[in-house]
2 protein chains.
Amino acid sequence: MASDHTRSAILSAAERLYADRGFGDVTLRDIVASANVNLAAVNYHFGSKDELIAELFVTRSLATNRERLNELKAAEEAGGGRAGIDAIFRALVGPTLRGCLGPSSEGSTAARFMIRASIESVPPIRRIKNREVDHLRKFAAAMRRSLPGRAEADIYWGLHFALAMAHHTIRERERLTKLSEGLCDLDDVQGIVERVVAVSVMALAGGETKSKAPARLVARDGR
Amino acid sequence: MASDHTRSAILSAAERLYADRGFGDVTLRDIVASANVNLAAVNYHFGSKDELIAELFVTRSLATNRERLNELKAAEEAGGGRAGIDAIFRALVGPTLRGCLGPSSEGSTAARFMIRASIESVPPIRRIKNREVDHLRKFAAAMRRSLPGRAEADIYWGLHFALAMAHHTIRERERLTKLSEGLCDLDDVQGIVERVVAVSVMALAGGETKSKAPARLVARDGR
DNA sequence: TTGCATTTCAAACACTTGTATGAAACTATC
DNA sequence: GATAGTTTCATACAAGTGTTTGAAATGCAA
């Protein structure tokens, strides 16, 4: 366990290559060539290719989740145990959006790696994501505390839509830029966060006076 | 040219297998075995594996786009050239949601195939999706006609968020069910459509009339 | 029928993939 | 400095991939 040099060289080379070219067409041979280590080193240090990918993703994923929960806790403490719904959404989507978009994302391989992981969805990553439910439940709980009257289903739909907007913005960043011909400023990360938060809040607050029947948020006859 | 039996057997076997097991681990040999045709038939009839996938996706994709535009045109004609913003969103997300969710999606391989295509993102499909910008521009144009005063960027963000909610709902269907422990009724497709439409409308209308609580929405994005 | 183009077929081709092996090179402890 | 444990290395392995080939079968027109 002396230097760990080989191990970390593999990790950083793999992250960079996956970030640049995607999981689909990066082989172990590409990685070890880029890391200047022997092919067998991957299996020696990580066991398998999938475990290497899993370790990469878990590391970044834990960091983001930690950041999210810190922001959430700070918001709840500032509000005496009950955070504003906008602060909750900000804690949910802020770290992810800042991590993957933003000026740092140009140079940060970590950010580009997480974008790839969000786009491609390879088995080992998918397995990890499926365990993320517990983490999201903490946000659902905070939302319940913030909006005690709200129907359970509305809480989850609100959470779901907030994540939808954040992740879709990350995934389809390029397409949105092309579609809007540059009119949507994808570099103004804080502006994007506030936009997503604002819509998420409206989605949840909009139905407030109405009943819990979900289909009638806008009273328009179904066709 | 005679019977086309082999060709269509390949198409339907491929669609079913891809729908069931994803693009990642379905080989040409799996497909030809399931279709009871010879391995070389794929390259003979389609040229390559990627072209087979592309043909599958293009077919389904064109059908959805046609349906979308039909609904849009109907809504604009009913409104005398200017459709309500809710009708535009309904035309945008309705066909996709109905196609991929809904009771038919249980049995329909076409629906499950499109869900896979939405989740996995393999090169030939990605190439086709990139050409879809023109199609979306038609909706942007309709939105401009419907809301003449609106800022261009807001139009595109509205379009983007509507697609985000629709696609994320399709993609993360299972996770949402698990997270909400069944509280979010993913079988009530019409209800989901209305929910997405309602939020999309609010996202766009909210910035203008209301200057309510967390409304840093328009203030931030100068342009 | 004969002739010709289309379609099917079994087989092989040419690679690439992740993984395993066993010897060599290290490193630290005694 | 010998020894035991760890790490590196070149190399081989086994399996699977999409694609190509050239001959056989089939369909269709004259």
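We name chains A, B, ... by the order of the sequence lines, and we start the count at 1 in each one.
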(request) Answer yes or no: is there an ion pair linking B:E71 with B:R98, defined by an N-O contact shorter than 4.0 Å? (result) yes
(request) Send over the distance from A:K49 NZ to D:dA15 P, rounded to a whole Å. (result) 19 Å
(request) Considering only NZ, NE, NH1 and NH2 on the basic side and carboxylate oxygens on the acidic side, decide whether B:R173 and B:D187 come within less than 4.0 Å. (result) yes
Filtered N/O pairs between nucleotides 9-11 of chain C and protein, under 3.5 Å:
from: C:dA10; atom 1: OP2; to: B:N38; atom 2: ND2; distance (Å): 3.4
from: C:dA10; atom 1: N7; to: B:N38; atom 2: ND2; distance (Å): 3.2

(request) Run the salt-bridge test on A:E15 and A:R112 with the 4.0 Å N-O cut-off and return the result as yes or no. (result) no
(message) Is the phosphate of C:dT6 approached by B:H45 (side-chain N or O, under 4.0 Å from OP1 or OP2)?
(response) no
(message) If you define the side chain from C-beta out and look only at heavy atoms, does anything of B:L159 sit under 4.5 Å from A:L179?
(response) yes
(message) Output the rounded distance in Å from CG (A:N43) to P (D:dC9).
(response) 15 Å
(message) From CD1 of B:I31 over to C1' of D:dG16, roughly how many Å is that when rounded to an integer?
(response) 15 Å
(request) Provide the closest heavy-atom pair for A:P124 versus A:I53 in the form atom of the first, atom of the second, distance. (result) CG-CG2, 4.0 Å
(request) Please find out if less than 6.0 Å separates the ring center of A:F139 from that of A:Y156. (result) no
(message) Distance criterion of 3.5 Å, no angle test: do you see the side chain of B:R29 paired donor-to-acceptor with the base of D:dG16?
(response) no
(message) In this structure, how many angstroms lie between the P atom of D:dT17 and the CG atom of A:D25, rounded?
(response) 18 Å
(request) Take atom OH of B:Y44 and atom C1' of C:dT6, then tell me their distance rounded to the nearest Å. (result) 5 Å
(request) Compare side-chain N and O positions of B:H5 against OP1 and OP2 of C:dT8 and report whether any pair is under 4.0 Å apart. (result) no
(request) Measure from CG on B:D50 to P on D:dT17 and round the result to the nearest Å. (result) 15 Å
(request) To the nearest Å, give me how far apart CG (A:L28) and C1' (D:dA15) are. (result) 16 Å
